[in-house]
Amino acid sequence: MARRKIIIDTDPGQDDAVAILLALASPEELEVLGVTAVAGNVPLALTQRNARIVCELAGHANIPVFAGSDMPLSRPLVTAEHVHGKTGLDGPTLPDPEMPLQKGHAVDFIVETLRNEPAGTVSLVPIGPLTNVARAFQDAPDIMQRVQEIVLMGGAYFEVGNITPAAEFNIYVDPEAAEIVFRSGIPLTVMPLDVTHKALVTTDRVEAFRQMGTRVGAMVAAWTDFFERFDKEKYGSEGAPLHDPCTIAYLLEPGLFSGRYINVEIETESELTRGMTVADWWRVTDRPANATFMGDLDAKGYFDLLSKRIARL
C-alpha cells in the first residue's frame with residue numbers, strides 16, 4: 001500500500017489521543033503532515049496542548065501542531081468535560097508539552113498544505129467538530145478538488161445520539177460546518193456511532209494495553225480506564241466505545257469495516273434534531289449519495305491492529 005499523506009484535525013479527548021498514537025505508530029502507511037486542533041471536547045487552549053502532549057508521548061515532537069478555531073461557525077461552543085474530564089485527557093497526570101505550538105493558524109495550514117502538495121495526495125482525518133475543515137473550504141474553495149478523501153468520526157443513525165436524543169457530539173457542536181463538509185463533493189467516509197459503538201474497550205482489552213510494559217501502553221490503559229466509567233454507566237455496556245481510532249484503522253485496514261454509499265444530510269434548523277445525520281440507509285429518497293456510511297466492523301481485528309501498533313511506541 002502506498003504511503004498516504006494525512007492531516008489529523010482533532011479535539012483531544014482520550015480517544016482522539018489513541019487515534020493520533022495509532023497514526024504515528026504506522027509510518028510505513030501514513031505520513032502525518034500535521035495535527036490541527038479545534039475546540040470541541042474541551043476549549044481550544046486545552047485541545048492544542050493535548051495534541052502536543054500526545055505527539056511527544058509518541059516520540060514525534062517533530063510533527064507540526066496548529067491551533068485552529070476556538071468557536072463553531074455560528075453557535076456557542078458546547079464541550080464534553082463530563083466525559084473527558086476538565087483537561088480533556090484526565091486520568092493520568094501529564095506534564096506540560098515542551099514542543100512548540102506552530103505560529104500559524106490551523107485553517108491556513110490546511111489551505112497551504114493542500115495547495116502545495118500534489119492534487120489528490122492529501123486526506124483529511126477530522127475526529128472532532130468540523131469547524132476548521134469547513135472554514136478552510138470557505139476561505140479557499142479551490143482546495144476542495146485537491147483533497148484525496150475525508151475520513152471522519154461523527155454522526156449516528158441507528159444508534160441515534162450521544163449528546164442529544166438525535167445527534168452525535170462532533171456534528172452537534174457545529175452542524176453548519178458539517179453541512180459544508182457533507183456537501184463538498186469530496187469522497188467522504190464516515191465512522192458514526194453505529195460502528196464505533198461496536199469498538200468496545202473491554203476490561204481484557206484495557207489490560208492488554210497495560211501489559212505492554214511501555215509508557216504509551218500504560219497511558220492508553222489509564223485513559224481508557226478514565227473515560228469508560230461514563231459510557232459503561234450510560235449504555236450499560238461491557239466497555240466504552242473507542243471512537244476516533246476507527247478513522248485511522250480504516251486507512252490502515254479498510255477491510256475491517258463495512259457500510260453503504262448513501263446520501264447523508266445534516267439537520268441545522270430543528271431545535272429537536274439539530275446536528276442529526278439523516279442517513280438514507282435504505283435508499284428511500286432520490287437524493288444523490290455523498291458518503292460511505294459505515295455500519296459494522298471486525299472488533300477483534302480492530303483491537304489486534306491497535307495493540308500491535310501501539311506496542312511499537
Side-chain angles (χ1 to χ4, degrees), residues 7-17 19-20 34-54 65-90 97 101-102 104-111 124-139 150 152-156 161-182 190-193 196 226-227 230-231 234 243-244 247 266-277:
I7 297 172
I8 300 174
D9 189 71
T10 178
D11 61 338
Q14 291 91 348
D15 57 327
D16 304 70
I20 296 168
V35 175
T36 52
V38 66
N41 285 322
V42 288
L44 181 66
L46 292 171
T47 61
Q48 56 88 356
R49 172 184 181 270
N50 292 348
R52 290 183 289 144
I53 286 172
V54 176
V65 176
F66 294 83
S69 304
D70 62 358
M71 295 289 290
L73 293 181
S74 59
R75 299 181 185 270
L77 177 65
V78 176
T79 55
E81 288 91 347
H82 61 290
V83 178
H84 299 281
K86 66 183 188 309
T87 69
L89 288 181
D90 276 19
L101 181 68
Q102 299 298 306
H105 194 282
V107 171
D108 295 331
F109 171 74
I110 293 170
V111 171
L124 303 179
V125 187
I127 51 178
L130 289 161
T131 316
N132 284 340
V133 176
R135 283 185 59 189
F137 293 168
Q138 287 181 318
D139 290 355
I150 297 173
L152 67 89
M153 189 275 133
N162 64 355
I163 188 68
T164 74
E168 179 275 331
F169 177 81
N170 286 345
I171 306 298
Y172 178 80
V173 170
D174 199 342
E176 286 77 18
E179 183 177 48
I180 289 169
V181 171
F182 275 76
V190 182
M191 297 292 167
L193 299 183
T196 67
F226 178 85
F227 80 81
F230 176 82
D231 283 334
K234 179 178 179 180
H243 306 280
D244 294 327
T247 57
I266 309 299
E267 176 57 61
T268 61
E269 299 296 331
S270 168
E271 285 302 312
L272 190 62
T273 58
R274 186 182 87 210
M276 182 178 181
T277 45

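In this structure F109 satisfies the ring-ring contact (aromatic ring centres under 6.0 Å, His included) test together with F66, sequence neighbours excluded. With sequence neighbours excluded, the residues that form a side chain to side chain donor-acceptor pair (under 3.5 Å) with S69 are N132, R135.
A 4.5 Å side-chain heavy-atom check between I180 and V133 finds every atom pair outside the cut-off. Looking at R274 and M276, their side chains never come closer than 4.5 Å, going by heavy atoms from C-beta outward. Side-chain atoms of E168 and I163, non-hydrogen and from C-beta on, never get closer than 4.5 Å to each other. Contact annotation: the side chain of V78 approaches that of F169 to within less than 4.5 Å [non-hydrogen atoms, C-beta and beyond]. Taking the side chain as every heavy atom from C-beta outward, P43 and E81 approach each other to under 4.5 Å. When side chains are defined from C-beta on, L152 counts as touching F182, because their heavy atoms get closer than 4.5 Å. No side-chain heavy atom of T277 sits under 4.5 Å from any side-chain heavy atom of P192. Within the 4.5 Å cutoff, the side chain of V181 has heavy atoms near those of the L130 side chain.
Put simply, CG on D15 and CD1 on I127 are 7.5 Å apart, with the number rounded to the nearest 0.5 Å. N50 CG to H84 NE2: the interatomic distance, rounded to the nearest 0.5 Å, is 10.5 Å. Summarising the geometry, atom CD belonging to Q138 is positioned 10.0 Å from atom OG1 belonging to T131; distances are rounded to the nearest 0.5 Å.
Shown here for G161 and L193, the closest heavy-atom pair between the two residues is C-CD1, 4.3 Å. For the pair M153 and T247, the tightest heavy-atom approach, listed with the atom from each and the gap, is N-CG2, 3.6 Å. Scanning both residues, A39 and L44, for their nearest heavy atoms gives CB-N, 3.8 Å. Taking every heavy atom of both residues into account, I110 and I7 meet most closely at CA-CD1, 4.3 Å. In terms of heavy atoms, M191 sits closest to T196 at O-CG2, 4.0 Å. The minimum heavy-atom distance linking A134 with L73 is given by the pair CB-CD1, 4.2 Å.
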From CA spacing to verdict: side-chain hydrogen bond (donor to acceptor under 3.5 Å, both in side chains), T87, D90
CA-CA 6 Å; T87 69; D90 276 19; 2.5 Å; yes

Evaluate the side chain to side chain contact (heavy atoms under 4.5 Å, CB included) criterion for residues V173 and L77: first the C-alpha distance (whole Å), next the side-chain angles of each, then the deciding distance (0.1 Å), finally the verdict.
CA-CA 7 Å; V173 170; L77 177 65; 4.1 Å; yes

Check the pair V42, K86 against side chain to side chain contact (heavy atoms under 4.5 Å, CB included), reporting the backbone distance first and the verdict last.
CA-CA 7 Å; V42 288; K86 66 183 188 309; over 6 Å; no

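The residues E176 and R75 are annotated as salt-bridged, a charged nitrogen and a carboxylate oxygen being separated by less than 4.0 angstrom.
Contacts classified as salt bridge (Lys or Arg N to Asp or Glu O under 4.0 Å) and involving residues 37-48 (residues at least two apart or in different chains) are not found.
Put simply, the residue from V54, T36, D16, N41 that forms a side-chain contact (heavy atoms from CB on, under 4.5 Å) with T10 is D16.
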